[in-house]
Engineer: 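Handing you a structure now.
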Amino acid sequence: MTALDIATLRATHPDHWNMACAIRALAMDAVQAANSGHPGMPMGMADVATVLFTRHLKFDAAAPHWPDRDRFILSAGHGSMLIYALLHLTGYKDMTIEQIRNFRQWGAITAGHPEYGHVAGVETTTGPLGQGIANAVGFAMAEEALRARFGAKAVDHHTWVIAGDGCLMEGISQEAIGLAGMQRLSKLIVLWDNNDISIDGRISLSDVTDQRARFAASGWAVLACDGHDPEDIDRALREAKRSDRPVLIDCKTHIGFGSPAKQDSAAAHGAPLGEAEIARVREIYGWPHPAFVIPADVKSAWESAGARGSEARAEWEARIAALPTGRRAEFERVTAGEAPKKLAATVRAMKKDLVEKAPRVATRKASEMALEAINPVMPETIGGSADLTGSNNTRTPDLGIFGPENRKGRYVHFGIREHGMAAAMNGMALHGGIRPYGGTFLCFTDYARGAMRLSALMGVPSIYVMTHDSIGLGEDGPTHQPVEHLAICRATPNTLTFRPADAVETLEAWEIALTEKARPSVLALSRQNLPAVRTAFTARNLTAQGAYVLAEATGKRQAILLATGSEVEIALAARTALEAEGIGTRVVSMPCMELFAQQDETYRRKVLPAGPVRVAVEAAVRQPWDRWLLGERGREAKAGFVGMEGFGASAPAERLYQEFGITAEAVAARVKALL
Ligand SMILES: Cc1ncc(C[n+]2csc(CCOP(=O)(O)OP(=O)(O)O)c2C)c(N)n1
């Protein structure tokens with residue numbers, strides 16, 4: 001479309017045009033003021049966004065947390081000014097014009113890319129391309145699950161996504177669309193900003209994929225519209241809402257729409273247009289208003305759009321108020337993310353039982369046992385696995401399979417889609433009302449990494465059930481044996497990495513993960529059986545302290561052994577050997593370094609006093625251990641590590657532990673050498 005077409009648009013749809021121009025002008029001006037950002041995408045998608053927000057999106061700017069609102073996800077997060085402009089114009093109270101003026105500046109809620117938690121209306125953090133569309137699948141799954149559970153009077157909304165070529169080129173998009181297509185998530189609608197441009201230039205430089213055919217092949221309905229014609233956009237959106245499958249709408253648009261120098265070119269993508277070009281565009285738009293000034297009539301039209309949903313929201317509130325008390329309380333509990341009261345008692349009873357029976361089981365099995373007790377009292381859990389159900393032990397018999405025919409099912413076969421699974425889990429957690437957990441091998445956290453990082457950045461309590469947590473998995477070999485993954489998980493801020501030693505610690509880790517509100521958890525679980533090491537009942541959750549004295553030195557304390565997971569058994573055996581030689585040895589189990597780091601100094605000093613030799617044992621790389629060996633009153637000359645220095649190998653587990661020298665004898669020898 002050219003400037004001439006703009007003239008036609010202005011003439012035929014003046015109100016729409018002005019409203020869309022308000023978005024465009026704010027995007028141009030904010031990017032110019034920040035001298036940083038992406039004006040082209042908001043300029044190109046302003047018409048689609050205007051039709052969506054003024055005619056279709058169910059929302060109420062005055063009640064941005066209304067649980068039954070439609071969700072809008074700007075997957076193409078680099079175009080953040082699009083959503084900031086929409087939130088400002090429709091009247092989200094925190095999105096003031098000052099915030100727009102401060103786009104991308106320190107302390108502003110208008111971060112470079114939309115960040116969850118900075119401002120209501122941003123449903124998820126986007127920017128890493130492909131994440132938003134993959135989160136949206138989780139949002140739509142959560143909606144289906146909650147509708148099945150609480151009824152359409154309580155839950156009945158759409159998930160809308162704006163995604164660009166970049167989102168669709170990312171590998172995660174295939175995982176997401178494959179999952180959504182199979183699940184027939186008919187209330188998921190993706191608006192594709194098909195502008196043929198990315199940073200390097202035309203899309204044809206790097207891609208010839210027929211996107212429409214790809215989505216259709218994955219079970220989606222595919223529609224198309226002229227992304228600048230409000231009536232055509234409206235037609236497509238109306239049709240999309242009637243679909244029985246997820247919908248892709250191919251919106252043909254022009255990046256940098258209306259800019260004589262930059263429209264349809266990569267130059268519009270990621271740099272300010274420049275003052276002179278902005279002045280030219282203002283003229284072409286017929287938008288004489290100064291930077292950041294929105295005329296009252298346009299602002300008021302936008303505010304009406306922002307209030308459009310208030311009636312629907314009030315009706316919804318009345319319906320919720322009319323629910324039977326218990327049902328309403330349950331709805332409110334799960335949407336608030338509160339664990340059920342029964343959870344603590346369930347965990348306590350099971351812990352007593354475990355201490356009594358002292359089962360020798362793999363911690364992945366212990367995890368399954370924990371879930372068998374927890375899932376029945378926590379109906380908000382949705383579990384799953386990326387095609388390793390029988391290995392991850394994530395499915396319990398009560399769950400049923402979530403699918404198009406059974407939205408009450410609570411177990412998801414995510415398929416071999418680790419990244420898509422993790423992003424969908426984030427989406428479910430962000431939607432609210434659901435506690436998602438999903439499994440794969442610890443090694444394949446690599447494949448889920450992008451989404452796992454965002455769980456942490458956003459502070460959402462997704463739970464990653466990562467089994468086969470070391471060379472202890474044996475014969476599958478080094479491709480499947482994680483050595484650096486615990487370090488990576490522990491290096492990720494705002495993430496709890498648990499490596500429980502037995503069934504009791506595993507249960508305690510689950511209790512913490514399921515009551516966390518603002519941090520994801522990684523549960524690193526063994527394939528191989530492990531003895532019970534917690535043989536005395538404590539009502540207190542010792543794992544919550546991160547590390548604790550599991551076995552005390554009997555004589556003068558000369559050594560402290562620190563271990564996690566499967567190596568706690570080795571540390572205990574080393575202690576026995578050392579004690580037999582008169583070397584007083586304490587064993588500290590450290591299931592969660594992050595929680596230990598959070599304890600006060602007095603407790604940490606009690607667990608790790610100055611003086612004794614310290615040896616840590618973990619079948620992984622040393623990196624995360626130095627703080628506990630050298631810091632915290634430790635000394636290099638008196639510290640040692642027994643673990644992995646490189647990749648593993650294919651062989652039975654026992655042989656591998658021998659060959660890599662992760663044995664009680666090696667630990668005892670290290671202690672003696674350091675004494
Ligand atoms: C995972 C990831 N890789 C790379 C980038 C950097 N990046 C930001 S936008 C972009 C190009 C996106 O192209 P498109 O989606 O077509 O956006 P448009 O140019 O139409 O605005 C790239 C490579 C990113 N944000 N995320």
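From a predicted model like this one, the values you see are computed outputs, not experimental measurements. Numbering of residues begins at 1 and proceeds along the displayed sequence. Order of listing sets the numbers, starting from 1, for every ligand and every atom in it.
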Engineer: For Gly166, take its heavy atoms, then give the atoms of ligand 1 lying under 4.0 Å from any of them.
Structural biologist: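 Per the distance check, 13 (O), 14 (P), 15 (O), 16 (O).
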Engineer: Please could you name the atoms of ligand 1 that Glu170 approaches to less than 4.0 Å, counting only its heavy atoms?
Structural biologist: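 By the 4.0 Å cutoff, the relevant atoms are 1 (C), 2 (C), 3 (N).
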Engineer: For the residue pair Ile284 and Gly258, what are the closest heavy atoms and their distance?
Structural biologist: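 So the two residues come closest at CD1-O, 3.5 Å.
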Engineer: Taking C-beta and beyond as the side chain, do Glu115 and Val122 meet within less than 4.5 Å on heavy atoms?
Structural biologist: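 A side-chain contact under 4.5 Å is absent here.
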Engineer: Taking only heavy atoms of Asn195, which atoms of ligand 1 are found under 4.0 Å from at least one of them?
Structural biologist: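 Taking each heavy atom of Asn195 in turn, ligand 1 has 18 (P), 20 (O) under 4.0 Å.
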Engineer: Does the side chain of Trp192 reach to within under 4.5 Å of the side chain of Leu168, using non-hydrogen atoms?
Structural biologist: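 Trp192 reaches Leu168 side chain to side chain.
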Engineer: For ligand 1, is there an atom lying under 4.0 Å from some heavy atom of Gly40?
Structural biologist: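 Checking ligand 1 against Gly40, which is what was asked, there is no heavy-atom contact under 4.0 Å.
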Engineer: What atoms in ligand 1 come closer than 4.0 Å to a heavy atom of Ser198?
Structural biologist: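 Those of ligand 1 that fall under 4.0 Å from Ser198 are 13 (O), 16 (O), 19 (O).
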Engineer: Number the atoms of ligand 1 from 1 as they appear, then name those within less than 4.0 Å of a heavy atom of Gly164, with their elements.
Structural biologist: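 Ligand 1 atoms under the 4.0 Å threshold to Gly164: 15 (O).
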Engineer: For atom 21 (O) of ligand 1, what is the closest protein heavy atom, and at what distance to 0.1 Å?
Structural biologist: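 In this structure, atom 21 (O) of ligand 1 has His78 NE2, 2.7 Å as its nearest protein heavy atom.
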Engineer: Please confirm whether His38 comes under 4.0 Å of ligand 1, counting heavy atoms of the residue only.
Structural biologist: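 His38: no contact with ligand 1 (<4.0 Å).
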Engineer: Do the side chain of Trp287 and the main chain of Val281 share a donor and acceptor less than 3.5 angstrom apart?
Structural biologist: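 Checking the backbone N and O of Val281 against the side chain of Trp287, no donor-acceptor pair under 3.5 Å is found.
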Engineer: Taking Ile416's backbone N and O only, do any of them form a donor-acceptor pair with Tyr447's side chain (distance below 3.5 Å, no angle check)?
Structural biologist: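 Flag not set: sc Tyr447 to bb Ile416 has no pair under 3.5 Å.
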Engineer: Aromatic contact between His78 and His113, with the criterion being ring centroids under 6.0 Å apart: yes or no?
Structural biologist: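 Ring centres of His113 and His78 not closer than 6.0 Å.
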Engineer: Could you check whether any side-chain N or O of Gln263 sits under 3.5 Å from a backbone N or O of Ile255, counting only pairs where one atom can act as donor and the other as acceptor?
Structural biologist: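 Here the side-chain-to-backbone pair does not exist.
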Engineer: May I ask you to check whether His431 and His157 place their ring centres under 6.0 Å from each other?
Structural biologist: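 Under 6.0 Å, so yes.
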Engineer: So which protein heavy atom does atom 19 (O) of ligand 1 come closest to, and at what separation?
Structural biologist: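 Residue, atom and distance for the closest contact: His269 ND1, 2.6 Å.
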Engineer: If you count the atoms of ligand 1 from 1 in the order shown, which ones are under 4.0 Å from a heavy atom of Ile255?
Structural biologist: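 Once the distances to Ile255 are compared, the set is 18 (P), 19 (O), 20 (O), 21 (O).
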Engineer: Within a distance under 4.0 Å of any heavy atom of Met41, pick out the atoms of ligand 1 and give their elements.
Structural biologist: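 Close to Met41: 21 (O).
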Engineer: For the residue pair Phe53 and Phe59, does the interplanar ring angle fall in the parallel (under 30°), tilted (30 to 60°) or perpendicular (over 60°) class?
Structural biologist: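 Geometry flag for Phe59 against Phe53: perpendicular rings.
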Engineer: For atom 6 (C) of ligand 1, which candidate among Asp193, Leu82, Ile197, Ile199 provides the closest heavy atom?
Structural biologist: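 Residue with the shortest heavy-atom distance to the ligand atom: Ile199.
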Engineer: Any N or O on His113 sitting closer than 3.5 Å to an N or O of ligand 1?
Structural biologist: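 Between His113 and ligand 1 (N or O atoms, distance only) the closest approach is not under 3.5 Å.
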Engineer: With a 4.0 Å cut-off on heavy atoms, is Gly79 touching ligand 1?
Structural biologist: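 Judged by the 4.0 Å heavy-atom criterion, Gly79 does not count as contacting ligand 1.
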Engineer: What protein heavy atom is closest to atom 26 (N) of ligand 1, reported as residue, atom name and distance in Å?
Structural biologist: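 Looking at atom 26 (N) of ligand 1, the protein heavy atom closest to it is Leu129 N, 3.0 Å.
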Engineer: What's the shortest distance from atom 25 (N) of ligand 1 to any protein heavy atom, and which residue and atom give it?
Structural biologist: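 Answer, as residue, atom name and distance: Gly127 O, 2.7 Å.
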Engineer: Heavy atoms only: give me the nearest Ser385-Leu388 pair and the separation to one decimal.
Structural biologist: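 Closest pair (atom of Ser385, atom of Leu388, distance): OG-N, 2.8 Å.
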